[in-house]
Amino acid sequence: MLIHLLRFFRGTLSFQVKGKYVERFLNLSARARIPIWNGKREEQSFCGETLLSKEEMLRKLAKKVQLEWVQSEFYGAPKWKHRYRRRIGIGLGAVLLIFTLLLSEQFVWRVEVRGNQRTTRAEIIESASELGLKPGVWKRRLDVLKIADCLCLQYEDISWAAVNLLGTVAEIEIVERVLPPTVIDQSRPCNVIAEKAGTLVELELYEGQQVARVGDTIKQGGLIATGILQDKKGRTYYTHARAKAVIEYNETVNVAIPLKEQMFVPAGVLQNQYRCLIGAYSLPLSIGAVPNKSGFPTIVGFVEAGIYQNEENTWFYSVHNQRVVVKGFCLPLYVQIQQYIPTQRISVERTLQQAKKLARLELQTIKRQRNNQEIEIVNEECSVLIQDNSVVLSAKWCCREEIGKEIEIYMESTH
Amino acid sequence: MKQENTLQNLRKKQVHLEFNGNQGVIIEEFDGILEYNERQVRISCQNQVLRFQGSDLQLCTMTQESMMLSGTIKHVDFIG
């Protein structure tokens, strides 16, 4: 590859010689340090390639060994130079392009976020933008250490942040804080209380004295096991009570699905608007107004989709930003495609079966949420009612949950 | 004594060949080309002649130090 590039820039001469003494010609060329490549012998002729700068010498050698110089042509950068010698604009354009490329390297064209889990990418990018780190800013103006510190101060969840400038990409690297669980010192006296109200169905006492019994109904905050104990002589001493307490309680969940509902549906032709985003600037590429010029929001950021409504009409809109990539090389440009669809409000009527099906699906979602919270649903009774033109799916659940919570007994110091 | 002879032989300027299967060969330390056509290439080395026979023999590169032949090589002979 490199050798091809070098040959291109130095210029390559393709030649053909005819005669008897080709071998002698080749030997003399080698001694004169003229490189020859892609040689091919055909009857009394020889075709090959050499450097453009060696043409004169090679012609002399051919003449010396009585070879006829049949044809030659050259290609590579010198040919281009010769061809476009009067077109100054091309040269200037090339220089301008190189200059622009070099200049564009001095700016941030993309902001990336890495390491975030709880904090969203959009939040961090917005905060960074407020601090001055946004596409289109001059890299030298950025105080990356200050931005990283400000991000740490702004978000409690972020314990460490760094801004790495990698070429034209500013990468915000963050490490989120891992909050330690509340640890109660095992040597300190504790009670076990109920976090929720219900009937105690399971109790495993590890330490302390049992207060509630299996089958008892306990209130929220009610004592299950105490850490204040008495010995045989009636003297009080304290311990760290520990217990696993499981309660059962009833929960009623109602899911209502209306039989008649007002909804927005597309009603019209999709309209596209194109814009070119260069850093913080936006240039319109399409002619024509946005559906309703007055009052329609100018979308410049990275919004994905939404509904816009004014007094007269409603539109669905979506925005896609596409990076301009030329043969794998990312240019610091985005083409933003804004799509608008006019909508109309229609009334949707559902059959009883359809409404029930939707209600069941919603109930399943709530059930999954409970399971994620480690709540076990032991028993379920469902009933369907029709109230105010809606189907109400009412589910009575018998839930089982561990609710024992250790609470420290605060004591006044006697010292 | 035998070891010394081997070392002396190595010190002598000798032709160096590097084959790429039978599809090409790089020749170093040669004196010149004696004959060159598509079927046969004869190269003069120090005290002998090297003959390559085959088909579609082409001179890929040639400089003062080395040359590269490509094509299908069927025979290699050291003559002299």
Side-chain angles (χ1 to χ4, degrees), chain A residues 1-8 10-55 57-62 64-70 72 75-76, chain B residues 11-80:
Chain A
M1 182 68 197
L2 183 69
I3 202 151
H4 286 283
L5 203 71
L6 284 170
R7 281 174 187 171
F8 173 80
R10 292 188 69 179
T12 302
L13 176 82
S14 179
F15 66 91
Q16 190 183 10
V17 283
K18 239 178 191 179
K20 283 181 182 174
Y21 309 109
V22 171
E23 288 84 0
R24 205 178 157 210
F25 169 73
L26 290 172
N27 291 334
L28 287 172
S29 315
R31 288 215 184 114
R33 295 190 168 272
I34 301 171
I36 291 172
W37 61 88
N38 292 345
K40 198 174 179 187
R41 182 79 193 255
E42 285 167 357
E43 298 289 326
Q44 291 288 306
S45 70
F46 174 81
C47 302
E49 287 176 352
T50 187
L51 291 174
L52 186 62
S53 55
K54 307 284 181 187
E55 188 186 2
M57 284 170 78
L58 211 61
R59 272 178 188 268
K60 276 181 191 170
L61 289 177
K64 194 176 173 183
V65 293
Q66 293 167 1
L67 285 179
E68 189 190 346
W69 190 274
V70 181
S72 67
Y75 45 90
Chain B
R11 276 182 208 135
K12 276 183 192 171
K13 195 183 167 194
Q14 289 214 359
V15 67
H16 180 96
L17 301 173
E18 195 175 318
F19 281 88
N20 177 21
N22 70 337
Q23 297 298 308
V25 60
I26 297 168
I27 306 144
E28 287 172 3
E29 305 292 347
F30 66 95
D31 290 338
I33 299 175
L34 299 174
E35 188 189 347
Y36 167 43
N37 59 52
E38 284 187 337
R39 291 177 304 280
Q40 180 168 289
V41 178
R42 283 193 305 130
I43 294 159
S44 152
C45 302
Q46 278 66 46
N47 295 319
Q48 54 195 353
V49 172
L50 198 58
R51 185 173 66 187
F52 295 93
Q53 284 176 320
S55 56
D56 294 328
L57 295 177
Q58 285 182 22
L59 190 67
C60 273
T61 321
M62 187 179 171
T63 59
Q64 196 184 12
E65 294 82 25
S66 68
M67 74 158 77
M68 190 177 159
L69 279 180
S70 72
T72 311
I73 299 161
K74 288 174 184 165
H75 298 281
V76 184
D77 299 311
F78 291 88
I79 305 160

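Residue numbers start from 1 in every chain, and the chains themselves are labelled A, B, ... in the order their sequence lines are given, proteins ahead of strands.
Residues passing the side-chain hydrogen bond (donor to acceptor under 3.5 Å, both in side chains) test with B:D31: none are found, sequence neighbours excluded.
For B:I79, the CD1 atom is densely surrounded, since the number of other residues' heavy atoms within 6.0 Å is greater than 12.
Chain B forms the most heavy-atom pairs under 4.5 Å with one residue out of A:K40, A:E42, A:E43, and that residue is A:K40. With chain B as partner, the option from A:A32, A:S29, A:G39 having the largest number of non-hydrogen pairs under 4.5 angstrom is A:G39.
For A:L28, no part lies near chain B; criterion is any non-hydrogen pair under 4.5 Å.
Within residues 18-30 of chain B, no residue has a heavy atom under 4.5 Å from a heavy atom of chain A. Residues of residues 49-66 of chain B lying under 4.5 angstrom from chain A, judged on non-hydrogen atoms, are B:Q58, B:L59, B:C60, B:T61, B:M62, B:T63, B:Q64, B:E65 by number.
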Under 3.5 Å, sequence neighbours excluded: what are the donor-acceptor pairs made by side chains of residues 16-26 of chain A?
residue, atom, partner, partner atom, Å
A:Q16, NE2, A:S45, OG, 3.4
A:E23, OE2, A:R41, NH1, 3.1
A:E23, OE2, B:Y36, N, 2.6

